[in-house]
Amino acid sequence: MEAVCAIRALEDRIAAFRECNAQDTEIEKMICMQFMDYPSADYLKNNTEFMAVLTDLGGGADHY
């Protein structure tokens with residue numbers, strides 16, 4: 001359930017960025033911040049459902 005909440009929160013943040021006409025690079029920076037070296041980031045990086053959403057959005061976390 002935590003992963004679903006994390007995915008929804010990320011989707012909401014991306015939608016808010018898009019509403020402000022953010023460029024993809026700005027959104028990528030925001031997503032990158034999600035992958036700093038914290039236990040919560042490790043949890044998300046290891047969650048296949050969350051990573052699938054990032055991949056579907058055209059990215060992933062490999063370069064973060």
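It should be emphasised that the depicted structure is a prediction, and the values quoted were computed from it without experimental measurement. Residue numbers run from 1 in the order of the sequence given.
When all heavy atoms of D24 and R18 are compared, the closest pair comes out as OD1-NH1, 3.1 Å. Heavy atoms only, all atoms of each residue included: E11 and V53 are closest at OE2-CG1, 4.1 Å.
E19 pairs by the side chain to side chain contact (heavy atoms under 4.5 Å, CB included) definition with nothing, not counting sequence neighbours. Taking the side chain to side chain contact (heavy atoms under 4.5 Å, CB included) definition, one finds that A16 meets it with nothing, sequence neighbours left out.
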